[in-house]
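Below is one structure, written out as structure tokens; the observations come after it.
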Amino acid sequence: QVQLVESGGGSVQAGGSLRLSCTVSATTYSPYCMGWFRQAPGKEREGVARIDTGRSSTYYSDSVKGRFTISQDKSKNTMYLEMNSLKPEDTAMYYCAAHRSGCGGIWDSLRRLGTWGQGTQVTVSS
């Protein structure tokens, strides 16, 4: 059974940086689409960034564009989210998701088909 394991969350002050990691446990599982979502208390889960692992093409939500960078290391079966210039509104539980179909519909395919990690908390203080 494939598992996704997130790490790298923590507490930082506004303007700081964090790097999240998402490792796929099964080395024989090669996802074609991977992404990061976040959910703040009382809010719906929202897409943050996603990557088509075959073409390495990326997509970002407007709220993080220019501050966050999604990347992958296929040799480690790991996806990263580099988060810079963090703001208090970035505070949320961050989840990674992955599946083996194409990255269709921006966030839809991940929401419908994705295997999800357990989440890692990011807290940004002002």
Side-chain angles (χ1 to χ4, degrees):
Q1 184 177 355
V2 174
Q3 288 185 321
L4 305 183
V5 180
E6 300 104 332
S7 61
S11 297
V12 297
Q13 290 191 327
S17 299
L18 284 173
R19 188 177 79 157
L20 306 183
S21 299
C22 173
T23 300
V24 180
S25 62
T27 56
T28 56
Y29 181 83
S30 298
Y32 300 144
C33 186
M34 300 185 73
W36 290 97
F37 289 72
R38 66 186 181 187
Q39 188 167 20
K43 294 188 177 182
E44 294 186 353
R45 189 173 297 190
E46 62 172 352
V48 174
R50 67 156 171 82
I51 184 167
D52 178 318
T53 63
R55 295 179 290 177
S56 293
S57 60
T58 59
Y59 183 89
Y60 298 92
S61 68
D62 288 342
S63 61
V64 306
K65 197 174 297 181
R67 300 188 298 121
F68 291 11
T69 302
I70 189 172
S71 62
Q72 60 174 331
D73 184 336
K74 292 183 178 181
S75 67
K76 297 181 179 179
N77 231 16
T78 298
M79 172 181 65
Y80 303 99
L81 186 68
E82 185 76 35
M83 305 186 294
N84 298 315
S85 302
L86 283 161
K87 304 175 181 179
E89 50 263 45
D90 294 318
T91 295
M93 185 72 79
Y94 283 71
Y95 300 89
C96 67
H99 66 76
R100 301 192 69 181
S101 298
C103 280
I106 305 181
W107 311 116
D108 287 349
S109 66
L110 284 167
R111 289 185 188 277
R112 291 186 293 108
L113 305 173
T115 296
W116 293 82
Q118 82 289 349
T120 186
Q121 178 68 39
V122 172
T123 303
V124 184
S125 58
S126 57

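The model shown is predicted, which means the values in this text are computed figures rather than measured ones. The first residue of the sequence shown is numbered 1, and numbering continues consecutively from there.
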Heavy-atom closest pair, residues [X] and [Y]:
{"X": "Thr58", "Y": "Tyr60", "result": "OG1-CE1, 3.6 Å"}
{"X": "Gly47", "Y": "Ser61", "result": "O-CB, 3.5 Å"}
{"X": "Cys33", "Y": "Arg50", "result": "SG-CD, 4.3 Å"}
{"X": "Pro88", "Y": "Ala14", "result": "CD-CB, 4.1 Å"}
{"X": "Ser109", "Y": "His99", "result": "OG-NE2, 2.9 Å"}
{"X": "Leu4", "Y": "Cys22", "result": "CB-SG, 4.0 Å"}

Do the side chains of Phe68 and Leu18 join up, straight or via other hydrophobic residues, at under 4.5 Å, putting them in one cluster?
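Cluster IDs for Phe68 and Leu18 match.
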What about Trp36 and Leu86, same hydrophobic cluster or not, with Ile/Leu/Val/Met/Phe/Trp/Tyr joined at side-chain heavy-atom distances under 4.5 Å?
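Hydrophobic grouping puts Trp36 with Leu86.
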Given the rule in the side-chain contact (heavy atoms from CB on, under 4.5 Å) test, do Lys76 and Thr23 qualify, once you have shown the distances and angles that lead to the verdict?
CA-CA 8 Å; Lys76 297 181 179 179; Thr23 300; over 6 Å; no
Would you mind reporting whether [Y] and [X] have side-chain heavy atoms less than 4.5 Å apart?
{"X": "Met83", "Y": "Val12", "value": "no"}
{"X": "Thr53", "Y": "Met34", "value": "yes"}
{"X": "Lys87", "Y": "Val124", "value": "no"}
{"X": "Gln121", "Y": "Thr91", "value": "yes"}

Rounded distance [0.5 Å steps], [atom1] in [X] versus [atom2] in [Y]:
{"X": "Arg55", "Y": "Cys103", "atom1": "CZ", "atom2": "SG", "value": "8.0 Å"}
{"X": "Ser30", "Y": "Asn77", "atom1": "OG", "atom2": "CG", "value": "6.0 Å"}
{"X": "Ser85", "Y": "Arg67", "atom1": "OG", "atom2": "CZ", "value": "7.0 Å"}

Tyr32: ring-ring contact (aromatic ring centres under 6.0 Å, His included) partners, not counting sequence neighbours:
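Partners of Tyr32 under the ring-ring contact (aromatic ring centres under 6.0 Å, His included) test: none.
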Determine whether the side chains of Gln72 and Ser56 contain a donor N or O and an acceptor N or O closer than 3.5 Å.
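Yes.
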Does the pair Glu46 and Arg38 meet the rule for a side-chain contact (heavy atoms from CB on, under 4.5 Å), with working shown?
CA-CA 6 Å; Glu46 62 172 352; Arg38 66 186 181 187; 2.6 Å; yes
Looking at Gln118, I'd like to know if its CD atom is crowded, meaning that more than 12 non-hydrogen atoms belonging to other residues, nucleotides or ligands lie closer than 6.0 Å.
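Atom CD in Gln118 is packed in, count exceeds 12.
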Apart from Ile106 itself, what residues make up its hydrophobic cluster, given side-chain heavy atom links below 4.5 Å?
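Ile106 clusters with Phe37, Tyr59, Met93, Tyr95, Trp107, Leu110, Trp116.
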Taking Asp62 first and then Lys65, would you say they form a salt bridge - that is, a charged N and a carboxylate O separated by under 4.0 Å?
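Looking at Asp62 and Lys65, the cut-off is met.
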Apply side-chain contact (heavy atoms from CB on, under 4.5 Å) to the pair Leu20 and Val122, showing each step before the final yes or no.
CA-CA 9 Å; Leu20 306 183; Val122 172; 4.0 Å; yes
